[in-house]
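So that the names make sense, note that chain A is the first sequence line, chain B the second, and so on, each numbered from 1.
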Amino acid sequence: MTTEPSARLMQGDAACAEGAIAAGCYFFAGYPITPATEIAEVLARRLPQVGGRFIQMEDEIASIAAVIGAAVGGAKAMTATSGPGLSLMQENIGYAAMTEIPCVIVDVQRLGPSTGRPTSPSQGDVMAARWGAHGDHPIIALCPSSVRETFDLTVQAFNFAELYRTPVILLLDEVIGHMRERVTLPSPEEIELVERPSTTVPPEWYKPYENFPADVPPLMPFGTGYRYHITGLHHDERGYPTNRSDEVQPWLDRIFRKIERSLSEILLYDADGIENAETLIIAYGATARSARYAVEKARKRGREVGFLALKTLWPFPEEVVEHAAARLHRVVVPEMNMGQIALEVERVIGRHKVRRVNRADGEMIQPAQILAAIEEWA
Amino acid sequence: MTTEPSARLMQGDAACAEGAIAAGCYFFAGYPITPATEIAEVLARRLPQVGGRFIQMEDEIASIAAVIGAAVGGAKAMTATSGPGLSLMQENIGYAAMTEIPCVIVDVQRLGPSTGRPTSPSQGDVMAARWGAHGDHPIIALCPSSVRETFDLTVQAFNFAELYRTPVILLLDEVIGHMRERVTLPSPEEIELVERPSTTVPPEWYKPYENFPADVPPLMPFGTGYRYHITGLHHDERGYPTNRSDEVQPWLDRIFRKIERSLSEILLYDADGIENAETLIIAYGATARSARYAVEKARKRGREVGFLALKTLWPFPEEVVEHAAARLHRVVVPEMNMGQIALEVERVIGRHKVRRVNRADGEMIQPAQILAAIEEWA
Amino acid sequence: MARRYEVRLAGTGGQGAILAGILLADAAIRDGKNVVQTQSYGPEARGGASRAEVVISDGDIHYPKVLQSDIILCMSQEACDRYGGQIREGGLLILDQDHVSRAPTTRAVRAPLTSLARQATGREIVANVVGLGMLTALTGIVSREAMEAAVRDRAPKGTADLNLKALAVGFAEGERIRREAR
Amino acid sequence: MARRYEVRLAGTGGQGAILAGILLADAAIRDGKNVVQTQSYGPEARGGASRAEVVISDGDIHYPKVLQSDIILCMSQEACDRYGGQIREGGLLILDQDHVSRAPTTRAVRAPLTSLARQATGREIVANVVGLGMLTALTGIVSREAMEAAVRDRAPKGTADLNLKALAVGFAEGERIRREAR
Amino acid sequence: MTTKQPFNKVKTPRESRVHERYLRHSKKFPNVWCAGCGIGIVMGSIIRAIDDLQLDKNDIAMISGIGCTGRMPVYVDFNTMHTTHGRALAFATGLKMVRPEMKIIVVMGDGDALAIGGNHFIHAARRNIGLTTIVVNNTTYGMTGGQYSPTTPTDAIASTAPYGHIEQPFPIAELAAVSGAAFVARSTVYHVRELEKYIAQAIEKEGFTVVEAVSYCHTTLGRINRWGTAPDMMRRLKEQSVTRRQADGMSEEEKQGLIVRGVFVDRAVPEYTQLYDHIIERAEAEVA
Amino acid sequence: MTTKQPFNKVKTPRESRVHERYLRHSKKFPNVWCAGCGIGIVMGSIIRAIDDLQLDKNDIAMISGIGCTGRMPVYVDFNTMHTTHGRALAFATGLKMVRPEMKIIVVMGDGDALAIGGNHFIHAARRNIGLTTIVVNNTTYGMTGGQYSPTTPTDAIASTAPYGHIEQPFPIAELAAVSGAAFVARSTVYHVRELEKYIAQAIEKEGFTVVEAVSYCHTTLGRINRWGTAPDMMRRLKEQSVTRRQADGMSEEEKQGLIVRGVFVDRAVPEYTQLYDHIIERAEAEVA
Amino acid sequence: MNETNETTTDQTGQEKEPQAQRRLPRGQVTIFPNWCKGCGLCLEFCPVGVLEQGSDGRVIIAHPEKCTACRWCELHCPDFAIFVTDIEPSPEEEIA
Amino acid sequence: MNETNETTTDQTGQEKEPQAQRRLPRGQVTIFPNWCKGCGLCLEFCPVGVLEQGSDGRVIIAHPEKCTACRWCELHCPDFAIFVTDIEPSPEEEIA
Ligand SMILES: Cc1ncc(C[n+]2csc(CCOP(=O)(O)OP(=O)(O)O)c2C)c(N)n1
Ligand SMILES: Cc1ncc(C[n+]2csc(CCOP(=O)(O)OP(=O)(O)O)c2C)c(N)n1
Ligand code: SF4
Ligand code: SF4
Ligand code: SF4
Ligand code: SF4
Ligand code: SF4
Ligand code: SF4
Ligand SMILES: [Mg+2]
Ligand SMILES: [Mg+2]
């Protein structure tokens, strides 16, 4: 019995909750749903211990609304749900994008469509995370593949939310959310935190949606003496509704630009063996674990296999993928869905290079399936 | 004054309502929202005139739910909304896909994201129509570009819904929905109608989700002596919940297959001048009108421009586009959004061939913008 | 491409610019023409500035909005400020001088549409139809009979006579101006 | 790759298969091993058949689920029917003979876990921990001390002693069987 | 004096073994519910009520949302539909509009009916559309494991209220009444006969009708609060409930924490689909 | 006897020209509402009530959903937020949880509050969270043009009820009361002084408070039903309303169609965020 | 009809010694063991103690003769695992 | 204080002829024409007829002297386009 004192067994959902606490989350609103409920349950106990506040709302729509309301009050705020809840939240996620309110939405993906099979994993909400809300707006979505990564990316999600004034979606899946794993959490000093930027201009001059100089104007919390207006209508720099098309497009360009110009910070991934690869595997979430297993097996068999494990799914790392696949003719994209990130991979590198490996029956992609795809093509 | 007796001035929304009546729509449930409200208002008057039923529900979630409930009772049923309502309906659209209940959802797109600018047009919900609901499932989405086409595609939407037991989304936009245009409607005899297929097997043998022989097992209305179970959980052929993965994947494969094998019927588009084209324009909805105008102008200037006007957006006409663009290096995709169908075009023919023309400020794409893209590249 | 006529009718909410557009479009159909009418207005379904655009042609009408107006009818100063300048060379700009004092060009046709409406019918609300009458007389873009038929069929219940009277006044005023211009 | 040990613990809801998995995983950590524990169960959060999977290794654990079990503990007939056959050549299958009558192999280790639990503690509910004790004794996959520490820390409030007693009984039974097998 | 059973004349009351006629027992049993859960008891009451009323199974639909209670329809041999969480009444409204002749029973848990589904509940009541709603009120979210629900008692511990619950519970029956329902009653799974009677009345009555069936969830909320086994919780229902008549004589304090059983509303209000028939008449007359 | 105004001593009551201190008049006027719409009158009552209470503008938030009423926040010089349709109370709940010291006023139309937003309304009441809700009840969806709403009178014509409306209206005040609100009152835009008084009481009171301000929409529902101009509809409010005391003496038939004004609930219930403070105390104690 | 409460008449009018009558089973209980989940409701509430828990956790009919056919068990079994039929005294009993 | 109702005392205590007092303006009405939408509420409800509709549809102060400063108009104007100040009699008036 040689225990490292800080190593412990922790569930993915709990790591997400602890990551939130570590990130400075002060408010959580949610509605129970398998397999995300544990996040709420842990935070119901933990948040008040650190002076924060938890509320269970009447549904998911109210939950995301309360989260945005709390964020407007200055709190780092989060909700957690699964597919059905994500669908319900879409309208207000769009509102958060429109009003540029930072918040974190966790979706622990289960097998859909519809109620599906609530206790089974899936990666079926990847496109819904990007495109579920009507209208055009960018979004950031992160996807961990281990318990420790869940902790880290939860912190990162809060940081990105505050840095870019945007909703951030954290896509877990049932495997990662319910899995317990040995994990050593970083000490508080090791964790890099972003606090919401504040303005120095006097209240009369404050423009919550200013186009210049920065693309991310500071958001002053309600109740701090900065009185201004927030609306889901198109608005001018002061936040007041506008009907002028020449005020809409600059805003829209800015909200896309604020993400695009920070891609180097936002795009998180692990790559290895890309240089000499004959075949590239691109995977994320629980499937990245199957893929990693398969990659190691294939390499043992003498295959040159490159591996790209994506942690940032949206914005899609176009350049990263293009670069990694540039020399190659074979890219395998395994997913627990009918092919979602594969669409983007195809868009970036061309349809005919891509071999999809899919299942959406509630079971993890087995390493053997990925291996077969590698071999079959080799 | 030389009036053709049957030609008349009609609004797009009204044409949609009349198309529904012509298609045999018996039930409408909805919640008012600009620019779709007129569809409800016309049907509130028209449906009871033909013995049908209209109800205004408490919100959009209830509206789509009621529509599905009515469809289970055997009615052709429809709802109409705009972006915010579409976002709210997503969970139940997924339910309709999962349970294979035919229904029609009209989304008259307005400028988003969020509340946006309610009276301004946009094509910002194209991806939301495909991917808004969590989990994997196919969907059919149609998009007219004139008042007459609105009538026709509404009929078609009902036909497809019944033929393939699937929700069908009809994507109008504010221009088409609110536009009044000279239109001559077809006489009832000219309209081809699909009635819901019925089974001849005795109730004890009936399997509402049978995999064979057809991919679209008949759906018997409640109250007709066929007692069975409908659930949003994964289910077996009888409709009972199942936890068996080996019953899930075949179902999933079937619901994709039932659409794919009928692509030749489902994919509607107009193509002209493709053969000799140097440049191809792909457009849909109101933007197809700007594009058509630009195409004619460009041809006058001696340019060889091909034009593909899509009416079926989902499933995306991969082969059609691939074929049309095969010889070409220049494809222009104008859209009243930040680039949505362009993503699919890029996926199918490669990113570097595609020139996007976008605006999402509530104004139509002007012919001059498209012309400029043609010229700039030529 | 067949000749496109582009007409813009603009005012504040409640002045009936959109109804005027519908009537004009309807009349064009009665004349066997092709027509598209579009509109834009303020918050959701009601209030605010509003404008209607009507494109009339013998052939297909692809782009449904006005590119450059052949004819503009402005019933408010705001509308005139915004659209008055967008008229094509040689186009016709009609202003309700009861509401518009500043115009972008001296070649505009001015008439007291609101006063004419009030004098003729007692109701200012039909100023839009007076304007339509003038427009018809001045341009011949639709026939007088078609315009009358459109008004008769589409006027809100019980207001057909009122509106026809307004149309007649507008037509007369248009004729008068035309004569004078000759 | 470092050696992977794959353990599957299966029963019906309420038999504590998942808790057993957690205890085993926790013990492995106390032994300085890497571990991943996953699970599957019936509708939403409750009821139905349930199973836990524990993968233990000295190195990284990528694929977190069982590929082929080294060890299986079956606490119900249904579980045994479903998983009993999936054991690898030479693996260990432990059956609670109070609940399992048919086994897929004659080489399974049978013990009346439920009866042992009742006899030792008066509570059948700790049969899972009896099973864990046996498993520990028979395989040494985790140390006895680590297992005890895990049980002590993770047992529901006020049940530590009860569970430790059950563990001891299981351990003794395992030892007995081992001795007999020698 | 020994009982020689084969020789006895055995009388099976019609309602006994009623499940053989109304349940899809062949494929779907045993049910998913925990041992001792009251949902099965409510299901029994419903089928006995239906048996009493001698309705044709083809004319009955049972519709539910999501939750343990929501699993009920799969077991009964009617036209059955398990919809999305909270939306059962909205689905049922559409079905009723196009099949007004059907008897539609909507079964929901307290969370399904009153948390996510609260709006549809009050609106269906306001419309007075002909649906029979049965709310199995176990005062928690059973399916997801014992979180607090809109009916969880103040001060109880729940998995999302580890320090005690600080909200007031909804009075379901009163809420239905003020929203416009035609018939509202409350009983418990202990008082099965009464429950069955109310359900039968509710199904027979035209308009929107509500029966709140108070139950318990011993495996989640019950366990967390150490309220004991299913029989223990059943006993609480017996002990903590009074009839409306008994309650009438009590002060507010005395009534605190008690379950008041009885019929709360039974009034004549025109049913929605019947009113809509008049609309159709008017509209058809207009075009004719 | 001619009035030489410059020489008169002019007394401006504090509340007069109150808009100069509370409205963002510079940029945002004239407002979007139709001439004569009662929403502006409610806005006046709110700012006068706030002025009476001498609150700091920085401590006030006004939150709305979507609708004509929903446009109100843009005009007032507080912390303002125009959210999504029906969800204002849920947004406000989050804000209140993290800024319990703020006075949060939620203004909603009848559709916003009770159609799509009905669930949040009853749940906020049940939780008794410290929000002041003002429902401008014009008995229709004004913004979208006169469709029937949850408060449209039975038999009225609406743009989606061309043959007459067949539903019962919600009694907003009663619904709030039964759901658990701490203070509930109703007045009309005719009775501005009373309205202002109730609003002030509601803002001062801790807990969830509701003021229903009955208004009208002459340009949509009013026009369709030929109920006349804004002054005509204002007159109807005057004539058709009675105080609770007057109503007490009336039979149900007599009360039919009347607007009963008054305070319906004013009770002491602990406010949610204050109760939550105790949770924090308990939790902090647990870890300490 | 009778002067004392000690004796009663059954439906046939025959006089009976009360003790004896009480012991006479009036209900016959059947259990479907496959469906019984052993929740204990029936046995805890059976007013006369007919039922007991078996070794496999499921219910068993320990004292069939005591059953008064009150049907509490049947009406409350969540799993339709128990039902009761009314027994009319058999000929032998009638003359017993 | 006085024997008849015909005369009253103002706040200064000075006796006044009632007719004269009634004619004396007690409120001074101001209109912001830019904000007024001419809805007609104020003029229809002004109890003494101070206001009228102008030719441009907006309200005008036709009879300023009649205003009793009841403030109905101010409190009900949806557009904050009208307000009323209380006037204390000016020195001239006081001696008038
Ligand atoms: C949209 C959505 N949100 C959440 C869930 C998760 N969920 C399933 S059942 C349930 C609540 C169950 O409680 P109740 O309705 O009272 O039914 P019970 O299980 O207690 O009978 C929840 C929150 C879901 N399936 N869908
Ligand atoms: C999700 C959604 N559904 C519908 C609408 C369209 N909509 C805007 S306002 C409104 C109703 C307005 O009625 P009410 O709340 O009573 O406010 P009023 O305009 O009468 O003040 C509706 C349905 C919307 N904006 N969002
Ligand atoms: S969890 Fe509760 S409600 Fe659900 S079946 Fe078990 S006892 Fe019943
Ligand atoms: S539409 Fe009705 S509610 Fe809206 S501003 Fe006009 S009068 Fe007021
Ligand atoms: S009530 Fe039913 S399930 Fe429970 S022990 Fe008795 S027979 Fe078994
Ligand atoms: S019928 Fe009554 S007496 Fe007989 S076993 Fe059941 S509960 Fe006991
Ligand atoms: S109430 Fe106000 S807006 Fe209406 S007429 Fe009078 S001053 Fe003008
Ligand atoms: S204050 Fe009273 S009297 Fe004076 S103008 Fe206004 S409403 Fe008329
Ligand atoms: Mg419940
Ligand atoms: Mg309203």
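Using a 4.5 Å cut-off between heavy atoms, Leu43(A) does not touch chain E at all.
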Donor-acceptor pairs under 3.5 Å, chain A versus chain E:
residue: Tyr31(A); atom: OH; partner: His85(E); partner atom: NE2; Å: 2.8
residue: Glu41(A); atom: OE2; partner: Gln147(E); partner atom: NE2; Å: 2.6
residue: Glu41(A); atom: OE2; partner: Ser159(E); partner atom: OG; Å: 2.6
residue: Arg45(A); atom: O; partner: Tyr163(E); partner atom: OH; Å: 2.6
residue: Gln49(A); atom: NE2; partner: Tyr163(E); partner atom: OH; Å: 3.3
residue: Gln56(A); atom: N; partner: Tyr148(E); partner atom: OH; Å: 2.8
residue: Gln56(A); atom: OE1; partner: Thr160(E); partner atom: OG1; Å: 2.6
residue: Gln56(A); atom: NE2; partner: Tyr148(E); partner atom: O; Å: 2.4
residue: Glu58(A); atom: O; partner: Ile116(E); partner atom: N; Å: 3.0

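Between the SG atom of Cys143(A) and the CD atom of Gln109(A) there is a distance of 6.5 Å, given to the nearest 0.5 Å.
Formation of a donor-acceptor pair under 3.5 Å by the Gln90(A) side chain with backbone atoms of Ala133(A) is found in this model. Judged purely by atom type and a 3.5 angstrom limit, Glu149(A) uses its side chain to pair as donor or acceptor with the backbone of Ser145(A).
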Item to check | Phe151(A) vs Ile191(A), side chain to side chain contact (heavy atoms under 4.5 Å, CB included): CA-CA, chis, key distance, verdict | outcome: CA-CA 11 Å; Phe151(A) 180 93; Ile191(A) 301 172; 3.8 Å; yes
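Looking at heavy atoms from C-beta onward, Arg180(A) lies out of side-chain contact with Val147(A) at the 4.5 angstrom threshold.
Not a single ring-ring contact (aromatic ring centres under 6.0 Å, His included) links Phe183(E) to another residue, sequence neighbours left out.
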